Protein chains: 2
Amino acid sequence: MTVTIKDVARLAGVSASSVCRALANPGGVRPDTREQVQRAVRELGYVPNRTARALSTGRTGNLGIVLPDLANPFFAGVVKAAQTRARALDHSVFLSDIDEDPAVETLLIRALLRQVDGFLLCSPRSSDEELRALHGKVPIVLLNRRLTPFPSVTLDAASGMTQALLHLHVLGHKRVAYVAGPRTSWANRERLRGLRSAAESRPIEVIEVGTAPPTVEGGAAMADVVLRTGVTAVLAFNDLTALGLLNRLRDRNFHVPEEISVIGFDGILLSSLVSPALTTIGVDMERIGQAGVDLLLETMADPAHPPAHRKLPTQLIVRSSTDVVRPH
Amino acid sequence: MTVTIKDVARLAGVSASSVCRALANPGGVRPDTREQVQRAVRELGYVPNRTARALSTGRTGNLGIVLPDLANPFFAGVVKAAQTRARALDHSVFLSDIDEDPAVETLLIRALLRQVDGFLLCSPRSSDEELRALHGKVPIVLLNRRLTPFPSVTLDAASGMTQALLHLHVLGHKRVAYVAGPRTSWANRERLRGLRSAAESRPIEVIEVGTAPPTVEGGAAMADVVLRTGVTAVLAFNDLTALGLLNRLRDRNFHVPEEISVIGFDGILLSSLVSPALTTIGVDMERIGQAGVDLLLETMADPAHPPAHRKLPTQLIVRSSTDVVRPH
DNA sequence: TTGTAGGCGTTATCAT
DNA sequence: ATGATAACGCCTACAA
C-alpha cells in the first residue's frame with residue numbers, strides 16, 4: 001500500500017542505504033546507481049516518510065508557531081508570511097492559537113515539543129519563568145517580546161509612539177489617552193513605555209485609561225471611559241482596539257477626527273478601509289514573519305550562537321485628513 | 001537528555017510494555033503497578049514521543065489544513081475554529097497557506113501526506129482529477145467544495161443569493177452585477193449559479209462583469225467595470241471584493257447605497273466596521289471550522305462509511321439603512 | 001561505492 | 001498481569 005524506501009531499493013536493484021544516499025547526497029553515489037534510484041522513485045511515486053526520518057535523525061523539519069489569536073489580522077499576516085518562508089526553506093508549520101489564554105500556551109508547547117525543531121512564539125502570554133523553563137529544551141524565537149536568553153523579533157514601538165505623539169503635538173493636543181492591551185503582553189508595556197517617554201519632553205499629558213482585550217469589542221467597551229477623561233486624542237494598543245473605539249465613538253455621535261483623534265497600531269488592512277480611515281502606527285507583517293522564521297532557523301542551526309535580536313521599524317501612517325483639534 | 005519510556009520503566013521497576021499499557025489502558029494493569037508508573041512519569045516529566053508513536057501505530061494525531069489565503073479573515077476564522085476543535089479532540093494542526101496557487105496545493109498535500117491522519121482542504125483550487133487522485137490515500141474533507149466521493153462542508157449559497165436578490169427586488173433593482181471570484185473556486189461557481197437561479201423567477205437581470213482576485217485590490221479593480229454596466233446593485237464573490245468595490249466607488253464619488261448597492265459574502269468582522277456598513281451574506285465561520293474537523297475525524301475513524309455532506313446555512317445581513325434606489 | 005547491521009521511541013503480539 | 005520481542009521507515013556507522 002504505502003511505498004517505502006525498500007520498494008524503491010528493490011525496483012532499483014540496490015540496497016536501501018544506497019537509495020538513502022542517492023537522495024540525501026547525490027554526489028556520494030555512482031551516476032548510474034543514482035539514475036536507477038531516481039527512476040524507481042519517480043515510477044513508484046516515493047516520498048520519504050518524514051516521521052520515520054525524524055525518529056532517526058532527531059530533526060522533524062517542522063516548526064511550531066504559537067499565537068494569541070488568529071482572528072487578529074496582525075497575527076494572521078505574520079503567520080502567513082512565516083508559513084510561506086518556512087515552506088521556502090522546506091519546513092512545515094504547526095499552528096496553535098491559544099485564544100489569549102496563557103495557561104494553554106506552555107501546555108501546547110510541551111505537547112508539540114518533540115514534533116518540531118523549534119518554536120516561533122508570537123506575543124507569548126506566559127510568564128518569564130515559564131518561558132525560561134523551556135530554554136535549552138528546544139530552540140525558541142520570540143516575536144513581540146524581549147526576554148534573555150531568547151532571540152527575538154520586536155518592533156520599534158518607541159519610535160512609532162514618538163512619531164504619533166509628535167503628530168498629535170503639532171496638531172495642538174495636550175492630553176491624550178492610552179487604551180492598554182493585555183497585561184501579560186510585553187508589547188503593551190513597551191508601547192506604553194514608548195508613549196510615556198515620548199511625552200516626557202513635550203507638554204502632553206498621557207492618561208492610561210485601563211486595559212481592554214485586544215479586540216474590537218474591547219476597544220468599544222473603553223470608549224466611554226475615554227470620553228470621560230476629556231482627552232482630545234486616544235492611542236490604542238492595536239488597530240482592533242482602535243476600531244472598536246472608533247465605532248463606539250461614532251455611535252456616541254462624536255466626530256473622528258474633528259472632536260477626537262484615534263490612533264491604532266499594526267496597520268492592518270482593515271484600518272485603511274474604514275472611513276474615516278484610521279491613522280495608525282504601521283508595521284511590516286511580512287517582514288516580521290520572515291524575520292521570525294529566519295532567526296529560528298539560525299538558532300536551530302547553531303543553538304550555541306543564537307542570532308542577535310532584531311528590532312523592526314514602525315511607521316506612522318496618517319490617514320485622517322482633517323486632524324483639527326477643537327479642545328473641549 | 002530526553003526522557004523515554006525506558007527511563008520510566010526503569011524507575012518504576014517494570015517493563016516498557018507495562019508503562020505503555022498503564023498509560024494507554026489504565027484498566028489493563030494492576031493498580032499498584034499503575035501507581036508506580038504514574039509516579040515515575042511525573043517525577044521524570046515524561047511525555048510520549050508522538051513521532052515515534054506514529055511510526056508504530058500509523059496514526060499521527062495531526063491534521064492538515066490547507067487554504068488559499070490566511071489574510072482573508074474568512075479563512076482565518078475557519079482555521080481558528082478548526083484548530084480549537086482539533087485541540088479539544090487531542091489533535092494538532094499543520095497549516096498550509098497556498099497563496100491562491102493551485103500548483104502548490106497538491107504538492108503540499110503530498111509532502112504532508114504521512115505526517116497527518118487527514119486533511120481539511122478549504123476551498124481547494126486544484127482540479128477534480130488532482131483531488132480524486134488523492135482519494136483513498138488519506139482521509140480528506142472538503143470545505144467550500146462539493147466533489148464525490150469526498151465528504152464536505154459547504155454553504156447554502158443559493159439561499160443566501162436568493163435572500164439577497166429578494167432584498168434587492170423589493171428595493172426596486174432591475175439590473176445587478178456579479179463580480180466573480182477565482183475561476184478555480186467551486187464556491188464562486190455555486191454562488192453565481194445560485195444568483196442566476198434566484199433571478200430566473202424575478203424581473204431582474206444578472207450581469208457577470210468578470211473575475212477578480214478575491215481581495216480588496218481585486219474588488220477595487222472591478223469598480224469601474226461595474227459602473228460602466230449601469231447596474232444599480234452589485235454582488236461580490238466575497239466581502240473583501242465587496243469592500244474593494246465600496247472603496248473605489250467612494251473614490252469615484254458614488255454614494256453607497258443611495259446610488260449603488262453593494263452586497264458581499266462571508267460576514268467577516270471587517271464588513272461591519274466600514275461605514276456605511278456592508279450588507280452581506282453571512283456565514284458562521286466557527287461552525288464551519290468545527291464541522292470540518294468533526295467530519296474529518298469521523299472519516300478517519302471509519303473511512304469505509306464516510307459521513308454525509310453538510311450544508312450550512314447562510315443569512316443575509318442587511319446593514320445599509322438607506323437602500324433606496326435611484327435608477328440611472 | 002556499496003551492503004549489512006544496528007538503533008531512534010513506541011506499540012502490538014505473543015508467550016509466560 | 002506482565003515481559004520479551006518484533007515491527008514501523010529511515011538513517012548512519014561500519015565493514016566489505
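Below, chains carry the letters A, B, ... as their sequence lines are ordered, and counting in each starts from 1. A quick note: this is a predicted structure, and the numbers were derived from the prediction, not measured.
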Note to self: Using the rule given for side-chain hydrogen bond (donor to acceptor under 3.5 Å, both in side chains), can you reason through Gln115(B) versus Asn62(A), listing the C-alpha separation, both sets of side-chain angles and the distance that settles it, and then say yes or no?
What the structure shows: CA-CA 10 Å; Gln115(B) 270 185 107; Asn62(A) 298 327; 2.7 Å; yes
Next item on the list: For Arg21(B), report the nucleic acid contact type (base, sugar-phosphate, nothing); a contact means any heavy atom under 4.0 Å.
Entry: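 The answer is base, as Arg21(B) lies within the cut-off (heavy atoms under 4.0 Å) of a base atom.
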Next item on the list: Could you check whether Thr51(A) gets within reach of a base, just the sugar-phosphate, or nothing at all, counting any heavy atom under 4.0 Å?
Entry: nothing
Check: Does atom CD of Glu298(A) have more than 12 heavy-atom neighbours from other groups under 6.0 Å away?
Finding: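 Yes, enclosed.
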Of the options [options], whose atoms approach the side-chain atoms of [X] most closely?
{"X": "Ser15(B)", "options": "dC11(D), dG3(D), dT2(C)", "value": "dG3(D)"}
{"X": "Ala52(A)", "options": "dT11(C), dG9(D), dT2(D)", "value": "dG9(D)"}
{"X": "Ser18(A)", "options": "dG9(C), dG3(C), dT2(D)", "value": "dG3(C)"}
{"X": "Asn49(B)", "options": "dT10(C), dT2(D), dC11(D)", "value": "dT10(C)"}
{"X": "Ser17(B)", "options": "dG3(D), dT11(C), dA13(D)", "value": "dG3(D)"}

For atom [atom1] of [X] and atom [atom2] of [N], their distance in whole Å:
{"X": "Tyr46(A)", "N": "dC10(D)", "atom1": "OH", "atom2": "P", "value": "4 Å"}
{"X": "Glu35(B)", "N": "dT2(D)", "atom1": "CD", "atom2": "P", "value": "13 Å"}
{"X": "Leu55(A)", "N": "dC11(D)", "atom1": "CG", "atom2": "P", "value": "11 Å"}
{"X": "Leu44(B)", "N": "dG9(C)", "atom1": "CG", "atom2": "P", "value": "14 Å"}
{"X": "Arg10(A)", "N": "dG3(C)", "atom1": "CZ", "atom2": "P", "value": "14 Å"}
{"X": "Asn25(B)", "N": "dA12(C)", "atom1": "CG", "atom2": "P", "value": "10 Å"}
{"X": "Lys6(A)", "N": "dA5(C)", "atom1": "NZ", "atom2": "P", "value": "12 Å"}
{"X": "Gln36(A)", "N": "dT1(C)", "atom1": "CD", "atom2": "C1'", "value": "15 Å"}

Next item on the list: Would you indicate, yes or no, if dC8(C) has its OP1 or OP2 atom less than 4.0 angstrom from a side-chain nitrogen or oxygen of Thr57(A)?
Entry: no
Checklist line | Side-chain N,O (Arg53(B)) to OP1/OP2 (dG9(C)) below 4.0 Å | finding: no
Next item on the list: Pick out which of Glu130(B), Glu100(B), Glu105(B) makes a side-chain hydrogen bond (donor to acceptor under 3.5 Å, both in side chains) with Arg125(B).
Entry: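 With Arg125(B) as partner, side-chain hydrogen bond (donor to acceptor under 3.5 Å, both in side chains) holds for just one option, Glu100(B).
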Checklist line | Residue whose closest nucleotide on DNA chain D lies nearer the 5' end, Arg30(B) versus Val3(A) | finding: Arg30(B)
Notebook entry, point to check: Between Cys20(A) and Gly28(B), which is nearer to the 5' end of DNA chain D once each is assigned its nearest nucleotide?
Noted result: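 Per heavy-atom nearest nucleotide, the more 5' residue is Gly28(B).
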Checklist line | side-chain hydrogen bond (donor to acceptor under 3.5 Å, both in side chains) between Gln83(B) and Arg87(B), intermediate numbers included | finding: CA-CA 6 Å; Gln83(B) 197 269 154; Arg87(B) 181 167 63 241; 3.3 Å; yes
Notebook entry, point to check: Tell me, do Glu190(A) and Thr154(A) make a side-chain contact under 4.5 Å, heavy atoms counted?
Noted result: no
